[in-house]
Amino acid sequence: MGTRKETQSTTQASALSNAEIADRLAGLAQLLSTQKENPYKVKAYQRAAVRVRLLSESLDDLVKEDADLTQFPGVGEAIASAIREIVLTGKLRKLDALRGQADPEVASLTDYPRLDPKRILRIYKKLKINSIEALSEKLESGEIESALGRRAAQHVRQGLSEPHVMLLYRADALRDSIEEFLLTKCGAKAVQVVGACRRRAEVIEEIAFVIETDDFSSVVRRMQHYGGRTELLETSSHHGVYALAAGPTLRLRHCSSPDWALALIAETGSAAHLKKLEAVTERVTSLFGSGAFPTETAFYRKFGLEYIEPELREGHDEIERAQQHTLPSLVRLKDIRGELHAHSTSSDGSHSIEQMAIAARDFGYEYIGMTDHSQSLKIARGVPVADLWKQVRAIDKLNDNLNSRLTGIQVLKSAEVDILADGTLDYPDELLAELDYTVCSVHSRFGFGKQEQTERILRAMDNRYFNILGHATGRLLLKRPGYELDVERIIHHAKKTGCFFEINSSPDRLDLSAENARLANEAGVKIAISTDAHSTREFGTVRYGIDQARRAGLEPTSILNCLPWPSLGPLFRR
DNA sequence: GCCGTTTTCGGCCCGACTGTTTTCAGTCG
């Protein structure tokens, strides 16, 4: 297990990195949380630590230039002053004082800023231990999991090890920041992201760029100042690899302009893809210097292949299909005609149905289905039966008004209906019959075994008012595995009963996975690409659902919401 | 401690269910 090194004592000579500053703020938050301190203060320090860790500019430099640190969100007067103290003195008196007062077993936790002291102290008490070493042993032996559950074990595992992966949407933000840094601070002339980010993989371990520059060694050197200081792990005349404080590694690949397209080919595909590709072409890097390939398309054409979209370069069947010229024509944003999963203030959304409708229209959509939560989901203010009846009538009126006042958007009557523990739906049939369609989801009893969970969903699908299965597996990427399911059996049943799936575009769900979406598509079951928007600002996340659909090889003809409503509506009547 | 189209104070989800950690913490959106 990789352990976090004590950073405090190793860096007096050089400037502090933003990550080191963030570690101290997070450590202070930890110690404050064990006291009777305002929990919002604790959160403020935690939030500031997270943001500081992601800054590209060096806080050390900014402090020494006497810049105003409150320009950064989450940093107010108090935390700005704490950061100044850390940079100028190398210490944070408040942190040291609290550490001195705390029990040694608590104080030692500040070396692991992602551990929640309260949870750890409970584990200590339960297992009768009092040190990180013992904690690590109990994790390895499985005692934490058996005594306190899988979630507790996961918390400890994540807290003790360095993060090395990141969700795609966060990696996108980091990619933008690094790209700007390379272009404006490092002397790069052109940069292009490649690797897993370009393939739109849902979780990112490495952010990779192809770079054109006159002086690569200077780029490599200057990149080490990213975020104050970023560790260079290895380098050569044409590449540099760094450990980003945010977790993933960063890889820079130098490339001269004539080889640009070849470098993109060599650096974008997965290892499995490249192995299959080079069995058909030649070793891509052996062609460097030929100057014969101005574009990626030219390369593929030379070897009798169709252009392969980056999202497909995973080593499934794309090489064979490129040879046969039968690659799918992948779905794009402009193919999407409407939203089929969105919430309003009727349940746990931030905006009214009318506001959501107007925003959807302004996003370019023809329709939006309002899928507020159903009555049982209390925490999300699930809509009671009587209120949904009212909402159905209100939407009828709204459509009339919208059509007279604001042409171009239709509001669909729907609901995100809970699939209850016994597989029944959370509204009576006579109410469901009034809806244009339903999204039905599991929000409870994640602990059922595979067979019980599967049969619960199959039973729900037997209801003629069941249309789309929402976030089919319930997974939260990097946080929670999905509930156990026999996905193939559910796909088979969906085909038989006329039900559909969604790809939920929430960047931490992306559920169906690309793999499951591929299976559903092969079975001939159509899929909605939905955002599950809880505000007018979230329609844009559809791009992540589209990424996922493209990775699954889906064409617009496989996507429910690529259809206009007059063609789509009848598919929902069983 | 931070923040502001509720702007210098009073907010910052939250509420019911689950399950074994037996009495409240974890969990779901």
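A/H351 places no side-chain N or O within donor-acceptor distance of the main-chain N or O of A/T345, the cut-off being under 3.5 Å. Distance alone, capped at 3.5 Å, is enough to place a donor-acceptor pair between the A/N18 side chain and the A/L55 backbone.
Across all strands, A/P73 comes closer than 4.0 Å only to sugar-phosphate atoms, never to a base (heavy-atom distances). A/V75 comes within 4.0 angstrom of the backbone, heavy atoms only, and of no base.
The nearest whole Å value for the distance from the OH atom in A/Y40 to the C1' atom in B/dC12 is 5 Å. A/Y45 places its OH atom 13 Å from the P atom of B/dC3, with the value rounded to the nearest Å. In this structure, A/I83 atom CD1 and B/dG1 atom P are separated by 13 Å, rounded to whole Å. Here B/dC2 presents its C1' atom at 11 Å from CD of A/E77, a figure rounded to the nearest Å. Following rounding to the nearest Å, A/D422 (CG) and B/dC17 (P) show an atom-to-atom distance of 15 Å. Rounded to whole Å, atom C1' of B/dC2 lies 14 Å from atom CD of A/Q46.
Under the ring pair (Phe, Tyr, Trp, His ring centres under 6.0 Å) criterion, A/Y45 pairs with no residue at all, not counting sequence neighbours. By the side-chain hydrogen bond (donor to acceptor under 3.5 Å, both in side chains) test, A/D362 pairs with no residue at all, sequence neighbours left out. For the side-chain hydrogen bond (donor to acceptor under 3.5 Å, both in side chains) test, no residue two or more places apart in sequence or in another chain qualifies with A/N561. Taking the side-chain hydrogen bond (donor to acceptor under 3.5 Å, both in side chains) definition, one finds that A/E488 meets it with nothing, sequence neighbours left out.
When Watson-Crick and G-U wobble pairs are counted only if both distances are under 3.5 Å, B/dA16 pairs with B/dT27.
Across the C1' atoms, B/dC12 and B/dT20 are found 32 Å apart, a figure rounded to whole Å. Between B/dG26 and B/dT22, the distance separating the two C1' atoms is 15 Å to the nearest Å. One P atom belongs to B/dT8, the other to B/dC3, and the distance between them is 16 Å to the nearest Å.
Remark: A/R47 is not in phosphate contact with B/dG1, judged by side-chain N or O atoms under 4.0 Å from OP1 or OP2. Contact check, A/K41 against B/dG1: a side-chain N or O comes under 4.0 Å of OP1 or OP2.
Residue whose closest nucleotide on DNA chain B sits further toward the 5' end, between A/K43 and A/R51: A/R51.
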Kindly list each side-chain donor-acceptor pair under 3.5 angstrom involving residues 463-471 of chain A, sequence neighbours excluded, with atom names and distances?
residue : atom : partner : partner atom : Å
A/N463  : OD1  : A/Y465  : N            : 2.7
A/N463  : ND2  : A/D429  : OD1          : 3.2
A/N467  : OD1  : A/T438  : N            : 2.9
A/N467  : ND2  : A/F572  : O            : 3.0
A/H471  : NE2  : A/E416  : OE2          : 3.3
A/H471  : NE2  : A/H443  : NE2          : 3.3

Exercise. Which nucleotides of nucleotides 20-29 of chain B have their base under 4.0 Å from a protein heavy atom (B), which only their sugar-phosphate (S), and which neither (-), written as one string 5' to 3'?
Worked result: -S---SSSBB

